[in-house]
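Following: one structure in structure tokens, then a few remarks.
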Amino acid sequence: MTNIRHALSVTRDADFAAWYQDVISEAEMAEESGVRGCMVIRPWGYGIWERIQKLMDERIKAAGVENCYFPLFIPLSYFSKEAEHVEGFAKEMAVVTHHRLIADGKGGLVPDPEAKLEEPLIVRPTSETVIGAAMARWIQSWRDLPLLTNQWANVVRWEMRTRMFLRTSEFLWQEGHTAHADREDAMVETLRALEMYRSFSEECLAMPVMAGEKPENERFPGAVATYSIEAMMQDGKALQAGTSHYLGTSFADAAGIRYQDREGQQALCHTTSWGVSTRMIGGVIMVHGDDDGLRVPPAIAPHQIVILPMLRDDDGDAALLAYCEELRKALAAQSALGEPLRVMLDKRPGKATQKRWAWVKKGVPLILEIGGRDAAGEQVSVIRRDRLWREDGKVNFSAEARDSFVARAAAEVADIQHSLHVEATARRDANIHRGVGTLAELTEFFAEEKRYPGWVELNWSRPTGDALETVVQQLKALKLTIRNTPMDSAPAEGNCVFTDAPAVERIFVARAY
RNA sequence: CGGGGAGUGGCGCAGCCCGGUAGCGCGUCUGCUUUGGGAGCAGAGGGUCGCAGGUUCGAAUCCUGUCUCCCCGACCA
């Protein structure tokens, strides 16, 4: 439709990176803070995060995991106990070295040299070490296991290049940390968390993902095995949207997490950790957003329905508002997706048309514009965000009897959730390519610049060590990374694309955020 | 952290090369008209030009430093 006047000034097709930032800005989700790599999360963005928190927290608790809170600061000595862990994080750490400021004599303030800390504190980039120290105190006996904890927190990683929601210096997340008697029990928990993330992503975010194991070179520092869920963005790139790690006994060894088993012997615990972050919001934007802004899946929408009275600043307004308030109550009494409908009556002064475009950009699933004629005729005018435009390029209003709409509103909301998932899944599946058998074919496939053709699923022999490093470098030359080996990876037929040895499994290869 | 670009009313930009009263569009406010689908006309308000030094009679403009953002790279649970 060439005659559509979209709500955003940049289209996905013209400049995906600029479009992404425009959505965040125009939907008033977040903005710059003036602090390098850190963002201010505005009410609409934070409201979406609160929905994610609520739904994820229910699932975490349902698995018997209890919430705790651990300190923001971690003594450097805690952190240095696990060598690989240090290696992986040392380069991106914020460090606290002083506890007082003094005047510098030029009107400014500097750290007081007299107030230098005996031992520097790091601002947590993740909490394995400090939680491990607590676990060592809490666990004495096999009766104390498994120990299942989680915390909702902020963490800091001093990333070189940041992008709102996708990679910020400070971000919000949950981190689950568990300790188990043996490998088997820890692996069950690792995979339970992975499945929790997979189903959450599909059901709540309407975001299809591939759950699988990361290759050796992409493992969390110190982990024995790392699993991820990977989502495909509309530009064909992959986004790691959640991870779950089996940590073996190395963190337990470093922190002294031991228990006395049934035979009276001391044994090391097997630990896990798993997390999802505000990065998920970036994924939602790039999976569901369109040229008119965000489209929020109803399950995580702060408001699922917004009612916009067409106020005219005259005597008729009171009656119109009364009609809208009655409508709001009737809708809020319904339930969709297992919860009461979240309905907002936008009474702010201003033209309904202007407010409409603001809500379109925020991606509210259903917008009801109610004028005097609707009120008089017991009608509603409905805009469904995921079907915004008509064939003729006009906004797709549909008028309907009030009672009829109220009766089916919950089903409509659920249908939007379903529709977004179907649309995203179809796009993802259409952009996963199979049948690439050689490195030359892979090179050819990704030859085009800027917009990416999606992911390639290919056979490989699961090389390790130097052989894996060679593969990683070959892929790097094509700006590609191995995303994961899908959980349902059937034994692959044929040979490895890289080593020509017999293939043992399949992997996804893609450009990634 | 390397290369490139940028920071000027709420937002988007021009002005800078070649120093001399800080401008435009959108939005905001007021009034009138209009208004069932992103209104029109008229008027008004709003800016220590990212920050700190320097050069100069005079700096948005020239010089130095610094902070922040964007793009490419390196890095990246």
Side-chain angles (χ1 to χ4, degrees), chain A residues 4-10 15-18 20-22 25-26 28 31-39 84-85 87-93 104 106-108 124-128 155-164 166-169 171 173 175 214 217-223 226-228 240-245 247 273-277 279 292 308-314 316 320 349-361 367 369-377 379-383 388-390 393-399 449-450 476 479 481 512-513:
Chain A
I4 288 179
R5 183 179 155 200
H6 285 293
L8 300 183
S9 53
V10 191
D15 186 341
F16 197 80
Y20 176 75
Q21 292 183 119
D22 206 35
S25 163
E26 292 294 317
E28 299 181 334
E31 65 187 13
E32 293 306 330
S33 64
V35 181
R36 182 198 160 81
C38 296
M39 61 182 173
E84 283 186 45
H85 197 53
E87 176 81 11
F89 281 105
K91 281 180 264 180
E92 51 182 53
M93 207 81 83
D104 66 358
K106 291 181 282 187
R124 63 182 166 213
T126 180
S127 303
E128 274 74 7
V155 291
V156 169
R157 298 179 187 180
W158 213 257
E159 301 287 355
M160 288 293 108
R161 190 171 169 192
T162 59
R163 281 166 175 274
M164 285 208 183
L166 298 178
R167 181 174 286 109
T168 45
S169 298
F171 58 93
W173 75 345
E175 48 181 324
K214 295 295 256 186
N217 63 304
E218 299 268 357
R219 274 183 203 140
F220 175 71
T226 287
Y227 298 83
S228 71
Q240 180 173 308
T243 50
S244 184
H245 315 287
L247 302 174
S273 68
W274 28 272
V276 296
S277 71
R279 170 182 270 197
D292 297 293
L308 286 180
M310 299 175 69
L311 301 172
R312 299 179 71 162
D313 206 20
D314 63 21
L320 181 59
K351 302 207 105 188
T353 47
Q354 290 178 333
K355 292 196 286 181
R356 175 215 303 160
W357 289 107
W359 288 116
V360 163
K361 288 187 282 192
I367 298 170
E369 283 188 39
I370 310 295
R373 239 176 272 168
D374 293 306
Q379 287 214 322
V380 294
S381 294
V382 186
I383 302 172
L388 186 60
W389 302 103
R390 288 198 315 230
K394 298 216 164 110
V395 174
N396 188 16
F397 285 98
S398 60
E449 291 296 316
K450 199 165 178 185
K476 193 173 177 179
K479 296 191 206 173
T481 54
Y513 279 99

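Chain identifiers are assigned alphabetically (A, B, ...) following the order of the sequence lines, protein sequences preceding nucleic acid strands; residue numbering begins at 1 within each chain.
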**OP:** For Glu369(A), report the nucleic acid contact type (base, sugar-phosphate, nothing); a contact means any heavy atom under 4.0 Å.
**Re:** base
**OP:** Look only at the side chain of Ser33(A) and the backbone of Cys38(A), and say whether a donor-acceptor pair between them is shorter than 3.5 Å.
**Re:** yes
**OP:** In sequence, state the C-alpha distance, the side-chain angles, and the governing distance for Arg279(A) and Tyr513(A), and then conclude on side-chain contact (heavy atoms from CB on, under 4.5 Å).
**Re:** CA-CA 11 Å; Arg279(A) 170 182 270 197; Tyr513(A) 279 99; 5.7 Å; no
Original post:
To the nearest angstrom, how far is Arg356(A) atom CZ from rU35(B) atom C1'?
Top reply: 13 Å
Original post:
What nucleotide among rC70(B), rU68(B), rG36(B) has an atom nearest to a side-chain atom of Arg36(A)?
Top reply: rU68(B)
Original post:
Arg161(A) CZ to rC69(B) C1': how many Å, rounded?
Top reply: 12 Å
Original post:
Met164(A) and Tyr20(A): which non-hydrogen atoms are nearest, and at how many Å?
Top reply: O-OH, 2.7 Å
**OP:** Rounded to whole angstrom, note down the P distance from rG50(B) over to rC11(B).
**Re:** 13 Å
Original post:
Taking the same atom, P, in rG4(B) and in rC63(B), what whole-Å distance lies between them?
Top reply: 16 Å
Original post:
Within the structure shown, what part of the strands sits under 4.0 Å from Lys476(A) by heavy-atom distance: base, sugar-phosphate, or nothing?
Top reply: sugar-phosphate
**OP:** Taking all non-hydrogen atoms of both residues into account, name the closest pair between Val276(A) and Ala241(A) and its distance.
**Re:** CG1-O, 3.7 Å
**OP:** For rG73(B) and rG10(B), measure between their C1' atoms and round to the nearest Å.
**Re:** 35 Å
Original post:
Taking atom C1' in both rC26(B) and rG40(B), what distance in whole Å separates the two?
Top reply: 16 Å
Original post:
Touch check for Pro221(A), heavy atoms < 4.0 angstrom, all strands: base, sugar-phosphate only, or nothing?
Top reply: sugar-phosphate
Original post:
Which of these nucleotides, rA39(B), rC71(B), rC69(B), is closest to any side-chain atom of Glu32(A)?
Top reply: rC69(B)
**OP:** Using the test side-chain contact (heavy atoms from CB on, under 4.5 Å), find all partners of Glu26(A) that sit at least two apart in sequence or belong to another chain.
**Re:** Leu8(A), Asp22(A), Lys361(A)
**OP:** Side chain of Glu159(A) only, please: which of rC72(B), rU35(B), rC76(B) is the nearest?
**Re:** rC76(B)
**OP:** Could you summarise the pairing of RNA chain B as dot-bracket text, marking Watson-Crick and G-U pairs under 3.5 Å with ( ) or [ ] inside the strand and | across strands?
**Re:** ((((((((.[[[[.)....(..]]]].((((((.....)))))).....[[[[[..)....]]]]])))))))....
Subject >> Gln240(A) side chain to Ser228(A) backbone, donor-acceptor under 3.5 Å >> reply: no
Original post:
Closest heavy-atom contact between Thr162(A) and Ser169(A)?
Top reply: CG2-OG, 3.9 Å
Original post:
When you compare rG9(B) with rA22(B), how far apart are their C1' atoms, in angstrom units rounded to a whole number?
Top reply: 11 Å
Subject >> Heavy-atom pair of closest approach, residues Arg390(A) and Asn396(A) >> reply: CG-OD1, 3.3 Å
Original post:
How is Ser277(A) classified with respect to the nucleic acid when contacts are heavy atoms under 4.0 Å: base, sugar-phosphate, or nothing?
Top reply: base
Subject >> P-based separation of rA44(B) from rG3(B) [nearest Å] >> reply: 50 Å
Original post:
His245(A) vs Phe220(A) aromatic rings, parallel, tilted or perpendicular, using cut-offs 30° and 60°?
Top reply: parallel
Subject >> Residue whose nearest RNA chain B nucleotide is more 5′ - Trp173(A) or Met160(A) >> reply: Met160(A)
Subject >> Gln354(A) CD - rA39(B) P separation (whole Å) >> reply: 6 Å
Original post:
Could you state the NZ-P distance from Lys355(A) to rU35(B), rounded to the nearest angstrom?
Top reply: 20 Å
Original post:
Looking at side-chain heavy atoms only, is the closest gap between Val395(A) and Arg356(A) below 4.5 Å?
Top reply: yes
**OP:** Just call it for Ala352(A): base, sugar-phosphate, or nothing, with non-hydrogen atoms closer than 4.0 Å on any strand.
**Re:** nothing
Original post:
So what does Val35(A) touch, heavy atoms closer than 4.0 Å: a base, only the sugar-phosphate, or nothing?
Top reply: sugar-phosphate
**OP:** Write down the distance between NZ (Lys351(A)) and P (rU33(B)), rounded to a whole number of angstrom.
**Re:** 14 Å
**OP:** Measure from CG on Asp22(A) to P on rC71(B) and round the result to the nearest Å.
**Re:** 13 Å
Subject >> Pairwise C1' distance for rU56(B) and rU28(B), with rounding to whole Å >> reply: 39 Å
Original post:
Within the structure shown, what part of the strands sits under 4.0 Å from Gly34(A) by heavy-atom distance: base, sugar-phosphate, or nothing?
Top reply: sugar-phosphate
**OP:** Have a look at Ser381(A) and say if it touches a base, only the backbone sugar-phosphate, or nothing, with a 4.0 Å heavy-atom cut-off.
**Re:** base
Original post:
So, is Lys479(A) near the phosphate of rG73(B), with a side-chain N or O under 4.0 Å from OP1 or OP2?
Top reply: yes
Subject >> Heavy-atom pair of closest approach, residues Ile4(A) and Gly393(A) >> reply: CG1-CA, 3.8 Å
Under 3.5 Å between N/O atoms: give me all the protein pairs with nucleotides 4-14 of chain B, atom names plus distance.
none

**OP:** Pick base, sugar-phosphate or nothing for Gly350(A), based on heavy-atom distances below 4.0 Å to the nucleic acid.
**Re:** nothing
Original post:
Between rC70(B), rA74(B), rG36(B), which nucleotide has the shortest distance from any of its atoms to the side chain of Arg373(A)?
Top reply: rG36(B)
Subject >> Interatomic distance where CZ belongs to Arg167(A) and C1' belongs to rA74(B) [whole Å] >> reply: 12 Å
Subject >> Sidechain-backbone polar pair: Tyr227(A) side chain, Trp274(A) backbone, donor-acceptor under 3.5 Å >> reply: no
**OP:** Write down the distance separating the C1' atoms in rU66(B) and rG20(B), rounded off to the nearest Å.
**Re:** 29 Å
Original post:
Quick one: is rA39(B) close enough that its OP1 or OP2 comes under 4.0 Å of any side-chain N or O from Thr353(A)?
Top reply: yes
**OP:** Rounded to the nearest angstrom, tell me the gap between atom CG in Asn217(A) and atom P in rC75(B).
**Re:** 12 Å
**OP:** Pick base, sugar-phosphate or nothing for Trp389(A), based on heavy-atom distances below 4.0 Å to the nucleic acid.
**Re:** base
